[in-house]
Amino acid sequence: MSITLAIVGAGARGAAYARLAAATTRATIAAVADPDPARRIALADEFDVPAERRFASWEDLAAQPRLADAVIVATPDRAHVEPVVAFAERGYAILLEKPMAPLPEQAERIVAAAVDNDVLLAVCHVLRYTPYSRTLKRLLDSGRIGAIVSIDHLEPVGWWHHAHSYVRGNWAVEAESSSMLLAKSCHDIDWLGHLIGRPVRRVSSFGGLAHFRPENRPAGAAGRCVDCPVERSCAYSAIRIYERFLGDPVHEAWPLGVLTDDVSADGVRKALEDGPYGVCVYTGRNDVVDHQVVNLEYEGGITVAFTMTAFTALDFRKTRIFGTLGSIEGDGRTLRVHDFLTDTVETIDLDPDGDASAADGHGGADAALVEAFIAAVTTGDRSLVTSGPEESISSHRVVWAAEQSRATGSVVELIPATPV
């Protein structure tokens, strides 16, 4: 059985999910909505979407009788609420890019719309769905290492990825998108809660913008990398970052495809001369943090220390889980299970599909989520989606509490939420 999908937002994420859905052969792209004519036409042409099902806005699509079984909403972070509410009211199953929304009241509207209209809502917390995560969850739930006592978790954002997305890119300014923790690390907060299976009771957080500031600009640096006399000695040179991806089909889609539709050497060079991705990282436009720690205390006293930092290679998350009968170390590729009783270590190789970047679908996580969503829509079995509205807003509340803590220097207590 096949389903039909409408794509709202034909940028990098919307296009990626559309391709993954079509690749399953169990979904057909039935409509595309995007205000950018080039993106709309390109994606619609790729999937032979008829002219009458190409829309310049989500409002135009929502005004039609329901044209598909489900809709993928991949609009910018601050443009999620209204389309989700509209499509829920029209009976579409919804796959929503994370974060749900920057503000609590907005996310609550999304949850209420899904619940009130009894539609499937899946939020793109892709980390839950990989074989790596499912294997780890099974190990923990089976009691393999006894009761969880504490977890140490690292998100290595990657120096060039941070410069691309959070200094030069769409998520550089909190008022235009959301906090760094919500935009990037809501994945991690959600994933940790999924593994532990208990609510967070107390949160503290510290972090800031340490490096990407005007006062750290090298002497003699120009406003753009293409004009800069010290560019060759700068780790964050846009020329250095982007030109190494030329000729690589995976990275031509991302990040080069974000810079320009022309991913030739000339096209990329022009984008660096004219566009935002060629600007010096020390201009001061950006304001989101480049490092942050979050301390979490869960019900029952389980503690988590989470670190997000720009100053790494772009890689899979690193996790150490400490239990009463053993411990587990994971790096996104393998799990090493130490059994205290026998004092032996078992290594489980998971062999993820691709690397940790968005270009490679986050190591197969994107594909696994899309598979689960399509299966849930096809069968009506919503349990196949574990990142539904209640789970997702719960982890978002932890993020908002962490940001409150970081801003005020206080420990924030979370009051158990009343179910929507």
Side-chain angles (χ1 to χ4, degrees), residues 125-156 181 185-206 292-309 312 315-352 356 362-365 368-369 372 383 386-387 390-392 394-399 401-402 405 411-414 416:
H125 288 303
V126 297
L127 298 183
R128 287 176 173 242
Y129 294 89
T130 61
Y132 173 87
S133 295
R134 288 177 170 174
T135 300
L136 179 54
K137 177 69 171 165
R138 282 196 299 269
L139 287 169
L140 296 173
D141 289 351
S142 73
R144 180 72 179 273
I145 63 168
I148 299 172
V149 175
S150 61
I151 298 178
D152 180 19
H153 182 68
L154 167 69
E155 180 180 12
L181 193 64
S185 301
C186 68
H187 274 320
D188 300 86
I189 301 301
D190 175 81
W191 186 78
L192 289 162
H194 173 60
L195 292 182
I196 292 170
R198 298 185 185 187
V200 172
R201 289 297 177 238
R202 295 198 296 170
V203 181
S204 67
S205 183
F206 307 91
Q292 188 166 356
V293 294
V294 181
N295 303 303
L296 304 166
E297 183 182 65
Y298 289 78
E299 187 177 84
I302 298 169
T303 56
V304 169
F306 166 60
T307 298
M308 180 285 300
T309 180
T312 63
D315 203 352
F316 291 103
R317 276 82 169 173
K318 318 295 182 187
T319 312
R320 296 188 296 172
I321 305 174
F322 307 102
T324 54
L325 300 177
S327 62
I328 299 175
E329 294 190 15
D331 62 3
R333 301 174 179 85
T334 62
L335 295 166
R336 298 179 72 252
V337 186
H338 184 189
D339 185 308
F340 293 166
L341 179 64
T342 61
D343 197 19
T344 57
V345 176
E346 178 189 3
T347 299
I348 304 171
D349 291 311
L350 279 308
D351 190 26
H362 299 105
L369 166 69
S383 69
T386 62
S387 55
E390 294 294 348
E391 298 90 347
S392 298
S394 292
S395 61
H396 279 47
R397 288 187 181 114
V398 177
V399 173
S405 170
V411 175
V412 177
E413 295 195 18
L414 278 84

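Start at 1 with the first residue, then count along the sequence. Since the structure is predicted, the reported quantities are computational estimates derived from the model, not experimental observations.
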Here the pair of heavy atoms bringing Gly146 nearest to Thr324 is CA-OG1, 3.5 Å

If I compare all heavy atoms of Ser204 with all of Ser405, which pair ends up nearest, and what's the gap? CA-OG, 3.1 Å

Does the side chain of Val398 come within less than 4.5 Å of Val203's, by heavy atoms? yes

Value for CD (Glu299) from CD1 (Ile196), rounded to nearest 0.5 Å, stands at 11.5 Å

For Arg336, check salt bridge (charged side-chain N to carboxylate O under 4.0 Å, His left out) against everything at least two apart and list the hits. none

Can you confirm whether the side chains of Ser387 and Tyr129 place a donor and an acceptor under 3.5 Å from each other? yes

Going by the rule side chain to side chain donor-acceptor pair (under 3.5 Å), which residues pair with Arg198 if we only count those two or more places apart in sequence or in a different chain? none

With Arg134 via side chain to side chain donor-acceptor pair (under 3.5 Å) - residues at least two apart: none

Close side-chain approach of Leu195 and Lys137, heavy atoms under 4.5 Å: yes

Side chain to side chain contact (heavy atoms under 4.5 Å, CB included) between Leu335 and Leu350: does it pass, once the steps are laid out? CA-CA 8 Å; Leu335 295 166; Leu350 279 308; 4.1 Å; yes

Donor-acceptor pair between Glu155 and Ser185 side chains, under 3.5 angstrom: yes

CD on Glu297 to CD on Glu413, rounded to 0.5 Å: 9.0 Å

Applying salt bridge (charged side-chain N to carboxylate O under 4.0 Å, His left out) to Asp331 and not counting sequence neighbours gives none

Please name the pair of heavy atoms, one in Ala402 and one in Val294, separated by the smallest distance, quoted to 0.1 Å. CB-CG1, 4.0 Å

Close side-chain approach of Ile148 to Tyr298, heavy-atom, < 4.5 Å: no

Can we say Arg144 and Asp141 salt-bridge, meaning some charged N sits less than 4.0 Å from an Asp/Glu carboxylate O? no

Is there a side-chain contact between His125 and Ser395 (heavy atoms, below 4.5 Å)? yes

CD1 (Ile321) and OG (Ser327) are apart, to the nearest 0.5 Å, by 9.5 Å

CG of Leu181 to NE2 of His396, rounded to nearest 0.5 Å, is 10.5 Å

Is there a side-chain contact between Thr319 and Leu154 (heavy atoms, below 4.5 Å)? no

Is it the case that atom CZ in Arg201 sees more than 12 heavy atoms from other parts of the structure closer than 6.0 Å? yes

For Glu329, give me all partners under salt bridge (charged side-chain N to carboxylate O under 4.0 Å, His left out), at least two apart in sequence or on another chain. none

Heavy-atom distance under 4.5 Å between the side chains of Val411 and Asn295, does that happen here? no

Hey, mind stepping through Leu139 and Ile328 against side chain to side chain contact (heavy atoms under 4.5 Å, CB included) and telling me if it holds? CA-CA 9 Å; Leu139 287 169; Ile328 299 175; 4.2 Å; yes

Gln292 vs Ser205, test: side chain to side chain contact (heavy atoms under 4.5 Å, CB included). Steps then yes/no. CA-CA 7 Å; Gln292 188 166 356; Ser205 183; 2.9 Å; yes

List the steps, then state whether salt bridge (charged side-chain N to carboxylate O under 4.0 Å, His left out) holds for Asp351 with Arg333. CA-CA 6 Å; Asp351 190 26; Arg333 301 174 179 85; over 6 Å; no

Where Lys318 and Asp315 come nearest, the two heavy atoms and their spacing: NZ-OD2, 2.9 Å

Step-by-step side chain to side chain contact (heavy atoms under 4.5 Å, CB included) determination, Ile189 to Leu296: CA-CA 9 Å; Ile189 301 301; Leu296 304 166; 4.2 Å; yes

For the residue pair His338 and Asp343, what are the closest heavy atoms and their distance? NE2-OD1, 2.9 Å

Distance col, row Ile348:CD1 vs Tyr132:OH, nearest 0.5 angstrom, shows 10.5 Å

Go through the structure and list residues passing side chain to side chain donor-acceptor pair (under 3.5 Å) with Ser133, not counting sequence neighbours. Thr130, Trp191

Given side chains that start at C-beta, do those of Phe322 and Ile151 come closer than 4.5 Å, heavy atoms only? no

If we ignore hydrogens and angles and just use 3.5 Å, is the side chain of Asp339 paired with the main-chain N or O of Leu341 as donor and acceptor? yes

May I ask you to test the Arg317-His187 pair for a side-chain heavy-atom distance under 4.5 Å? yes

